[in-house]
Visitor: 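Please see the structure below; I have some questions.
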Amino acid sequence: MNESQSPVGAGGSARSQAYEAAEAFHSVYGRAPLGVWSAPGRVNLIGEHTDYNDGFVLPFALPHRLAAAAAPREDGTLSVATLGSDGKIQQAEPVAIADLAPGVVDGWAAYPAGVAWVLRDHGFDRGADVVLAGDVPTGAGLSSSHALECAVSLALMGLAGVELDAPGAPARQQIARWVQRAENDFVGAPTGLLDQTASLCCTQAHVLFLDVRSGETEQVPFDAAAAGLRVVVIDTRTRHSHSDGGYGERRRGTETAATLLGLKALRDVAPGDLDATLDQLPAELVPLVRHVVTENQRVLDVVGLLREGRLAGIGPFLDASHVSMRDDYRISTPELDTAVDAAREAGALGARMTGGGFGGSAIALVPEAAMTAVEEAVAAAYEREGWRPPRTFVAVPSAGAGRDL
């Protein structure tokens with residue numbers, strides 16, 4: 001997507017994003033779309049870089065969504081355009097779906113093209129006109145690319161008469177695996193399954209407890225407002241990308257460690273065996289393994305507290321997660337650390353960076369009475385550093401992907 005695609009805001013309704021996409025579709029193609037499908041961005045409450053290690057994650061969907069308005073074509077061509085927040089439309093070069101292969105399409109257009117490439121192998125090879133519109137913040141570590149891919153997946157399936165959750169339709173988690181393949185093998189970003197699954201499977205007022213190895217999920221109630229709390233997202237406005245090298249280096253490091261240990265994945269290291277396990281590894285892999293093993297346990301601890309309705313008690317685990325990502329996984333940045341530290345000092349119960357790292361966003365668990373103080377403290381800290389102001393909003397667990405029109 002182009003950089004102006006998605007402003008940060010409170011998050012519009014799925015229907016408003018759908019109408020915007022439908023209107024943009026008409027302006028580009030001179031006809032109405034057959035339908036509009038959308039998917040949300042996500043925040044990961046805790047459980048970072050555990051998904052590709054067969055571990056545990058705990059995301060929830062944002063109200064911010066990416067909508068795909070689409071209509072079929074009879075010539076086997078995929079034509080995609082995107083509507084920016086400035087009202088301008090950027091159109092990609094049309095491409096024959098039969099000719100799609102990794103490396104054929106680059107830039108933002110590689111994301112929808114990658115989805116079409118994967119779906120082609122599963123019988124969804126009809127041509128399509130697609131227009132994308134939405135308000136998921138781009139480059140903020142909130143999974144805008146996966147929202148796009150999930151929305152396009154549903155659109156291309158819908159054009160073939162296959163709607164999500166209908167009898168005989170692929171399961172949501174199967175579609176998530178298809179989206180992962182598009183991201184890994186076509187776009188070239190070595191992502192795990194967290195983001196796609198969150199965008200497709202999350203439900204309103206819940207966090208999604210996902211065991212990546214087994215695929216088992218649990219919708220855990222999470223009503224922060226009822227507990228007098230807010231989850232504040234702090235977009236540092238430093239760009240984040242999974243396709244950059246640091247993410248892949250961390251993933252390769254953990255996979256190497258698992259191989260050296262004779263394990264399928266680091267999920268198989270029990271917390272009680274951590275010290276003895278680390279003694280078997282070269283020094284450069286020790287902090288990576290320590291983060292993954294302790295982060296998995298933090299997810300389990302947070303889920304236990306949430307099941308008991310003890311939302312305020314999760315703050316220390318958020319703090320510990322950030323320290324682990326900063327010091328062991330080494331994926332934080334000065335902007336993220338400053339946001340986290342300022343939020344804590346101003347009254348947040350806990351705070352951490354969220355997403356893949358190297359930029360993007362932090363989250364803070366904030367008592368309602370401390371909201372203004374936290375936002376002002378973070379802004380002041382950025383001003384002292386001479387950085388452009390961060391953007392903040394309250395994240396409310398929202399519904400996953402679906403058809404809107």
Side-chain angles (χ1 to χ4, degrees), residues 8-12 40-48 57-65 135-137 140-144 147 194-195 198-199 202-210 219-236 240 295 298-299 301-322 325 336 339-356 360-379 390-400:
V8 174
R42 66 91 190 96
V43 156
N44 194 24
L45 187 63
I46 197 165
E48 224 65 75
V57 295
L58 196 64
F60 64 85
L62 292 168
H64 304 72
R65 301 181 75 87
D135 64 350
V136 181
L142 301 175
S143 198
S144 60
L194 187 161
D195 297 341
S199 189
C202 283
T203 61
Q204 189 172 358
H206 293 79
V207 289
L208 179 72
F209 177 37
L210 169 64
Q219 302 289 349
V220 183
F222 188 78
D223 189 347
L229 302 170
R230 300 290 186 272
V231 177
V232 179
V233 176
I234 306 165
D235 176 9
T236 66
H240 154 96
E295 185 79 348
R298 283 187 286 270
V299 174
D301 290 338
V302 167
V303 169
L305 289 170
L306 296 183
R307 287 171 177 155
E308 297 172 0
R310 298 167 57 192
L311 275 68
I314 72 173
F317 295 97
L318 304 184
D319 290 343
S321 176
H322 184 79
M325 290 185 289
L336 287 165
V340 166
D341 291 344
R344 289 172 180 159
E345 292 168 5
L349 302 182
R352 64 183 288 272
M353 58 149 284
T354 188
S361 297
I363 58 171
L365 183 67
V366 183
E368 185 176 2
M371 279 284 298
T372 299
V374 166
E375 291 177 336
E376 290 178 349
V378 174
R391 297 180 288 196
T392 61
F393 62 91
V394 175
V396 180
S398 301

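Model, not experiment: these values are computed from the prediction.
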Visitor: Does a salt bridge link Glu375 with Arg230, judged by any charged N lying under 4.0 Å from a carboxylate O?
Guide: no
Visitor: Can you see which heavy atom on Phe317 is nearest to which on Ile46, and at what distance?
Guide: O-CD1, 3.6 Å
Visitor: Taking the side chain as everything from C-beta on, heavy atoms only, tell me whether Leu142 gets closer than 4.5 Å to Val43.
Guide: yes
Visitor: Under 3.5 Å, is there a donor on one side chain and an acceptor on the other for Ser143 and Arg42?
Guide: no
Visitor: Does Val302 reach the side chain of Leu58, with side-chain heavy atoms less than 4.5 Å apart?
Guide: yes
Visitor: Any non-hydrogen side-chain atom of Phe393 less than 4.5 Å from a side-chain atom of Leu62?
Guide: yes
Visitor: Could you state the interatomic distance from CE (Met325) to CE (Met353), rounded to the nearest 0.5 Å?
Guide: 4.5 Å
Visitor: Could you measure the distance from the CG atom of Leu318 to the CG atom of Leu349? Nearest 0.5 Å is fine.
Guide: 9.0 Å
Visitor: Closest approach of Ala61 and Pro40, non-hydrogen atoms and distance?
Guide: CB-CG, 3.6 Å
Visitor: Should His206 and Val220 be marked as a side chain to side chain contact (heavy atoms under 4.5 Å, CB included) after you check the CA-CA gap, both sets of side-chain angles, and the distance that decides it?
Guide: CA-CA 5 Å; His206 293 79; Val220 183; 5.7 Å; no
Visitor: For the side chain of Glu295 and the backbone of Gly47, is there at least one donor-acceptor N/O pair under 3.5 Å apart?
Guide: yes
Visitor: Using the test side-chain contact (heavy atoms from CB on, under 4.5 Å), find all partners of Ala399 that sit at least two apart in sequence or belong to another chain.
Guide: none
Visitor: Is the closest side-chain donor-acceptor distance between Gln204 and Ser398 under 3.5 Å?
Guide: no
Visitor: Do the side chain of Glu48 and the main chain of Gly355 share a donor and acceptor less than 3.5 angstrom apart?
Guide: yes
Visitor: Quick one: does any side-chain atom of Asn44 pair with a main-chain N or O of Val57 as donor and acceptor, under 3.5 Å?
Guide: no
Visitor: Donor-acceptor pair, distance only, cut-off 3.5 Å: does the side chain of Thr236 make one with the backbone of Gly360?
Guide: yes
Visitor: Of all heavy-atom pairs between Leu336 and Ala362, which one has the smallest distance, and what is that distance?
Guide: CD2-N, 3.8 Å
Visitor: Using the salt bridge (charged side-chain N to carboxylate O under 4.0 Å, His left out) rule, collect all pairs that involve residues 307-321, keeping only residues at least two apart or in two chains.
Guide: Glu218-Arg307, Glu308-Arg310, Asp319-Arg344
Visitor: Rounded to the nearest 0.5 Å, what's the gap from CD on Gln219 to CG on Leu210? Could you check?
Guide: 10.0 Å
Visitor: Let me confirm one number: the CG-OG1 distance from Leu45 to Thr354, rounded to the nearest 0.5 Å.
Guide: 8.0 Å
Visitor: Give the minimum heavy-atom separation between Ile234 and Pro390, together with the two atoms involved.
Guide: CG2-CB, 4.0 Å
Visitor: Can you name the closest pair of heavy atoms from Ala346 and Ala377 and give their distance?
Guide: CB-CB, 3.5 Å
Visitor: Give the minimum heavy-atom separation between Leu365 and Val231, together with the two atoms involved.
Guide: CD1-CG2, 4.1 Å
Visitor: In Å, rounded to the nearest 0.5 Å, how long is the span from CG of Leu306 to CZ of Phe222?
Guide: 6.0 Å
Visitor: Drop me the distance from Ser321's OG to Asp301's CG, to the nearest 0.5 angstrom.
Guide: 12.0 Å
